[in-house]
Amino acid sequence: MISFEYRIKDKVTILDEIRFFEKEANAITFIQEKKYELIKEKDLTKYSNIQALQNLISSYSSGKNVNLYDNIKDLNIDLGIKEKFQTEFSQNVISNLVNLDRGEITTYSEIGNRIDSTAYRAIGNILRRNPLPLIIPCHRVIKKNGDIGGFMGESDRSWQLNLKRRLLEIEQLTNP
DNA sequence: AGGTCATCTCACC
DNA sequence: GGTGAGATGACCT
């Protein structure tokens with residue numbers, strides 16, 4: 001179960017956050033608490049870029065190697081990267097991530113080498129607060145020793161880590 | 001200023 | 001295999 005949070009400002013759609021839920025019920029509770037309005041199925045055509053985003057995600061889910069980050073640029077959807085990642089360091093981390101292909105895996109250490117930093121933990125800290133999982137494919141970053149690392153802020157046993165493992169598994173399976 | 005980390009390495013066992 | 005200490009540095013409060 002997945003949800004998008006977006007807002008429209010000056011005719012530009014800004015994608016604030018993409019979020020996974022363990023169960024549908026949790027998503028419903030979350031949406032109610034935040035008092036978000038859902039797009040009605042029949043109105044979806046009015047939000048062509050949201051629909052296109054959904055199509056992209058579906059395409060990814062069906063096994064295609066789509067670069068979500070690149071493709072979203074063509075949809076008049078602003079990911080707000082500059083606002084979400086304000087320091088040069090964090091922007092370097094992100095820009096080194098978004099070009100990973102489906103099924104490709106890197107490590108916190110490798111990213112460090114590429115951006116000329118040994119602050120591996122700090123890299124984890126940036127990814128820990130990634131509001132755009134999948135789009136910024138932080139699930140493809142694991143530890144150098146092969147351990148799974150964290151996902152969606154979690155670092156111990158949790159459904160989030162199972163989800164990360166599962167995502168990688170699926171990407172391997174659908175990438176022969 | 002001090003605390004928090006989604007890490008890494010190395011030294012043990 | 002496993003654990004623990006230490007180095008580490010960007011970020012948050």
Side-chain angles (χ1 to χ4, degrees), chain A residues 1-7 9 14-27 29-31 33-34 53 56-57 60-61 63 65-72 77-175:
Chain A
M1 185 71 196
I2 205 170
S3 81
F4 315 120
E5 290 172 53
Y6 66 92
R7 71 202 134 92
K9 186 181 170 193
I14 301 171
L15 185 62
D16 282 330
E17 200 170 337
I18 175 164
R19 180 186 291 260
F20 286 98
F21 295 89
E22 184 180 16
K23 302 175 194 141
E24 190 171 345
N26 297 353
T29 309
F30 176 82
I31 287 164
E33 277 173 5
K34 289 258 195 175
L53 172 60
L56 275 181
I57 304 271
Y60 163 80
S61 305
N65 180 19
V66 284
N67 186 317
L68 296 173
Y69 182 84
D70 275 348
N71 279 280
I72 285 169
I77 291 179
D78 184 356
L79 296 176
I81 298 293
K82 285 258 151 51
E83 293 78 54
K84 292 181 174 79
F85 302 98
Q86 303 207 346
T87 63
E88 194 186 348
F89 178 82
S90 59
Q91 283 167 19
N92 283 341
V93 172
I94 298 311
S95 59
N96 264 278
L97 252 187
V98 292
N99 291 321
L100 285 182
D101 280 323
R102 161 183 279 265
E104 200 176 341
I105 284 177
T106 187
T107 66
Y108 301 99
S109 151
E110 249 180 80
I111 293 178
N113 291 342
R114 256 185 256 127
I115 67 174
D116 200 29
S117 166
T118 56
Y120 313 119
R121 268 193 119 177
I123 294 170
N125 272 332
I126 302 297
L127 270 33
R128 185 161 66 93
R129 278 182 284 275
N130 175 15
L132 302 171
L134 283 193
I135 297 172
I136 296 170
C138 58
H139 60 286
R140 295 174 186 151
V141 187
I142 64 173
K143 291 215 213 178
K144 193 182 185 183
N145 66 2
D147 287 351
I148 189 70
F151 192 51
M152 294 171 69
E154 299 295 322
S155 55
D156 50 351
R157 295 167 44 81
S158 61
W159 66 267
Q160 286 93 336
L161 284 198
N162 289 336
L163 175 60
K164 180 173 181 179
R165 274 186 275 266
R166 188 76 189 118
L167 283 172
L168 291 178
E169 232 174 74
I170 292 170
E171 291 192 0
Q172 300 293 337
L173 289 175
T174 52
N175 244 34

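Residue numbering restarts at 1 for every chain, and letters A, B, ... go by the order of the sequence lines.
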**Prompt:** Using the ring of each side chain (for Trp, its six-membered ring), is A/His139 parallel, tilted or perpendicular to A/Phe151, with breaks at 30° and 60°?
**Reply:** perpendicular
**Asked** Out of A/Glu104, A/Glu110, A/Glu171, which residue meets the salt bridge (charged side-chain N to carboxylate O under 4.0 Å, His left out) rule with A/Arg140?
**Response** A/Glu171
**Request:** Using modelled atom types only, decide if a donor and an acceptor are shared between the side chain of A/Asn96 and the backbone of A/Arg114 within a distance under 3.5 Å.
**Result:** no
**Asked** Backbone N or O of A/Val141 within a donor-acceptor pair of the A/Lys164 side chain at under 3.5 Å?
**Response** yes
**Prompt:** For A/Arg102 and A/Ile170, which heavy atoms make the closest approach, and how far apart are they?
**Reply:** NH1-O, 4.2 Å
**Asked** When all nucleic acid strands are considered with a 4.0 Å heavy-atom cut-off, which category describes A/Leu161: base, sugar-phosphate, or nothing?
**Response** nothing
**Prompt:** Under 4.0 angstrom, heavy atoms only, what part of the nucleic acid is A/Ala119 near: base, sugar-phosphate, or nothing?
**Reply:** sugar-phosphate
**Result of checking A/Thr106, A/Asn113, A/Ile111 against A/Ser109 for side-chain contact (heavy atoms from CB on, under 4.5 Å)** = A/Asn113
**Asked** For the residue pair A/Phe21 and A/Phe30, does the interplanar ring angle fall in the parallel (under 30°), tilted (30 to 60°) or perpendicular (over 60°) class?
**Response** tilted
**Item:** Nucleic acid contacts - residues 96-104 of chain A versus DNA chain B, non-hydrogen atoms under 4.0 Å
**Value:** none
**Asked** Can you give the dot-bracket line for DNA chain C, where a pair is Watson-Crick or G-U wobble with both atom distances under 3.5 Å, crossing pairs use [ ], and | marks a partner on another strand?
**Response** |||||||.|||||
**Message:** Counting the atoms with a prime plus P, OP1 and OP2 as sugar-phosphate, which does A/Gly112 contact under 4.0 Å by heavy atoms, base, sugar-phosphate, or nothing?
**Reply:** nothing
**Fill in**
Walking DNA chain B from its 5' end, the first of A/Ala122 and A/Ile142 to be reached, judged by nearest nucleotide, is A/Ala122
**Message:** Of all nucleotides in DNA chain C that come within under 4.0 Å of a heavy atom of chain A, which is furthest toward the 5' end and which toward the 3' end?
**Reply:** C/dA7 to C/dC12
**Message:** For DNA chain C, which residues of residues 80-91 of chain A approach it to below 4.0 angstrom with any heavy atom?
**Reply:** A/Thr87, A/Phe89, A/Ser90
Atom pairs, N/O to N/O, protein against nucleotides 9-13 of chain B, distance under 3.5 Å?
{"from": "B/dT9", "atom 1": "OP1", "to": "A/Lys144", "atom 2": "NZ", "distance (Å)": "2.8"}

**Complete:** Heavy atoms of A/Lys84 and A/Pro131 approach each other most closely as CD-CG, 3.4 Å
**Message:** Has A/Arg19 got a side-chain atom pairing as donor or acceptor with A/Glu5's backbone, closer than 3.5 angstrom?
**Reply:** no
**For A/Glu169, all residues meeting side-chain hydrogen bond (donor to acceptor under 3.5 Å, both in side chains), sequence neighbours excluded** = A/Arg166
**Complete:** For A/Tyr108 and A/Tyr120, the nearest pair of non-hydrogen atoms, with its separation, is O-CD2, 3.9 Å
**Prompt:** Does A/Asn99 offer a backbone N or O that forms a donor-acceptor pair with the side chain of A/Asn67 under 3.5 Å?
**Reply:** no
